[in-house]
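Remarks on the structure that follows.
Labels below follow one simple rule: chain letters A, B, ... track the order of the sequence lines, proteins then strands, and each chain is numbered from 1.
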Amino acid sequence: QQQVKQSPQSLIVQKGGISIINCAYENTAFDYFPWYQQFPGKGPALLIAIRPDVSEKKEGRFTISFNKSAKQFSLHIMDSQPGDSATYFCAARSDKLIFGTGTRLQVFP
Amino acid sequence: KAGVTQTPRYLIKTRGQQVTLSCSPISGHRSVSWYQQTPGQGLQFLFEYFSETQRNKGNFPGRFSGRQFSNSRSEMNVSTLELGDSALYLCASSYDRAGYEQYFGPGTRLTVT
């Protein structure tokens, strides 16, 4: 019940396209859902986060969509760029932060 | 504002040895969390500290321990190292007591031979 399931494991997108990464959870005690971006050799960087009382949050090209009834949330990267190529992790927190398994995104020019 | 710093960045140890990793949080942040990242298990929570008190602990053996000092700096210790302890150890800090917005350091890459 503490798991966060993330898909797909890898994603290849053309430059300018939309990248979509999905996560699902079971624990209704989760009350904070961040997304992290990690480049090789670096620590994860907080990208955007949402609380369950909001259905959507947008910051620049990054949007989180949140469906509380379905216990799902997703990250949309609009106008994907080669510089967005990285591993993305969703996470959820109740008393600790639980991470999804990660999605390796490759954006080709 | 300087980010989270971790030392050392790379470490090679032998099975059976012990190791201490250090983390300095962002100035003003009082909550520090530690994570282990491996290709097989992903990012796993180790423990979390706030104001020198351990708030939460993950599902790791007692060989893994940590502490936080009065200046919010934190250390984690792994005793009797095993090959499976080879991983990237990440420290994250947050301002609030609940530890929501966590900012990660670059990690310490530990290799156990």
Side-chain angles (χ1 to χ4, degrees), chain A residues 1-11 21-25 27 29-54 57 59 62 64 66 73 75 86-105, chain B residues 1-10 21 23-26 29 31-50 53-60 66 87-111:
Chain A
Q1 198 182 20
Q2 282 282 63
Q3 280 187 324
V4 177
K5 295 181 180 178
Q6 184 172 346
S7 64
Q9 192 172 1
S10 63
L11 185 59
I21 305 170
N22 301 298
C23 284
Y25 65 96
N27 188 355
F30 289 145
D31 63 355
Y32 175 73
F33 301 87
W35 284 88
Y36 283 85
Q37 178 191 56
Q38 187 176 28
F39 292 104
K42 306 284 188 183
L46 180 60
L47 204 54
I48 186 172
I50 199 167
R51 300 276 184 151
D53 54 345
V54 177
K57 183 174 181 181
E59 288 184 4
F62 300 92
I64 298 180
F66 188 85
F73 59 110
L75 176 70
T87 300
Y88 292 81
F89 294 92
C90 63
R93 183 179 172 98
S94 54
D95 60 342
K96 55 181 176 284
L97 207 52
I98 306 295
F99 283 86
T101 49
T103 296
R104 187 182 173 206
L105 171 65
Chain B
K1 214 181 226 185
V4 177
T5 57
Q6 293 186 245
T7 56
R9 291 293 312 279
Y10 303 91
L21 311 182
C23 171
S24 292
I26 292 171
H29 285 195
S31 179
V32 172
S33 300
W34 288 89
Y35 298 85
Q36 181 195 65
Q37 185 174 28
T38 60
Q41 299 298 317
L43 274 156
Q44 292 190 288
F45 171 77
L46 279 158
F47 22 68
E48 181 176 61
Y49 290 88
F50 181 83
T53 301
Q54 186 178 90
R55 282 165 39 90
N56 212 338
K57 190 177 192 305
N59 190 25
F60 279 82
L88 181 66
Y89 289 89
L90 292 158
C91 167
S93 75
S94 61
Y95 175 78
D96 60 282
R97 179 185 177 89
Y100 283 104
E101 284 190 14
Q102 295 192 13
Y103 296 89
F104 282 81
T108 293
R109 171 72 64 185
L110 172 64
T111 302

TODO: Could you tell me which portion of B:L90 (side chain, backbone, both or neither) has an atom closer than 4.5 angstrom to a non-hydrogen atom of chain A?
DONE: side chain
Task: Side chain / backbone / both / neither for B:Y100 at chain A, heavy atoms under 4.5 Å - done: both
Open item on the list: Applying side-chain contact (heavy atoms from CB on, under 4.5 Å) to A:L46 and B:Q102, what does each step give before you reach the verdict?
Closed with: CA-CA 7 Å; A:L46 180 60; B:Q102 295 192 13; over 6 Å; no
Open item on the list: Counting only non-hydrogen atoms closer than 4.5 Å, does B:R55 touch chain A with its backbone (N, CA, C, O), its side chain (CB onward), both, or neither?
Closed with: side chain
Task: Residues, nucleotides or ligands: over 12 heavy atoms within 6.0 Å of A:Q9 CD - done: no
TODO: Would you mind checking which part of B:Q37 comes under 4.5 Å of any heavy atom in chain A, side chain (CB onward), backbone (N, CA, C, O), both or neither?
DONE: side chain
Open item on the list: Tell me whether the count of non-hydrogen atoms from other residues, nucleotides or ligands lying under 6.0 Å of CZ in B:R9 goes above 12.
Closed with: yes
Give the table of side-chain donor-acceptor pairs shorter than 3.5 Å for residues 94-102 of chain A, with sequence neighbours excluded, one pair per line with atom names and distance.
unit_1: A:D95; atom_1: OD2; unit_2: B:N56; atom_2: ND2; d: 3.1

TODO: Check whether any side-chain heavy atom of B:L43 sits under 4.5 Å from a side-chain heavy atom of A:Y36, and report yes or no.
DONE: no
Task: Enclosure of B:Y95 OH (heavy-atom neighbours >12, cutoff 6.0 Å) - done: no
- [ ] Could you walk me through whether B:E48 and A:R93 pass the salt bridge (charged side-chain N to carboxylate O under 4.0 Å, His left out) test, one step at a time?
- [x] CA-CA 13 Å; B:E48 181 176 61; A:R93 183 179 172 98; 3.2 Å; yes
Task: Over 12 foreign heavy atoms within 6.0 Å of CG, A:D53 - done: yes
- [ ] Among the options B:G42, B:P106, B:S33, pick out the one with the most heavy-atom pairs lying under 4.5 Å from chain A.
- [x] B:P106
Open item on the list: Can you tell me which portion of A:P44 sits under 4.5 Å from chain B's heavy atoms? Options are side chain, backbone, both or neither.
Closed with: both
TODO: Measure the spacing between CG of B:L88 and NZ of A:K42 and express it to the nearest 0.5 Å.
DONE: 12.0 Å
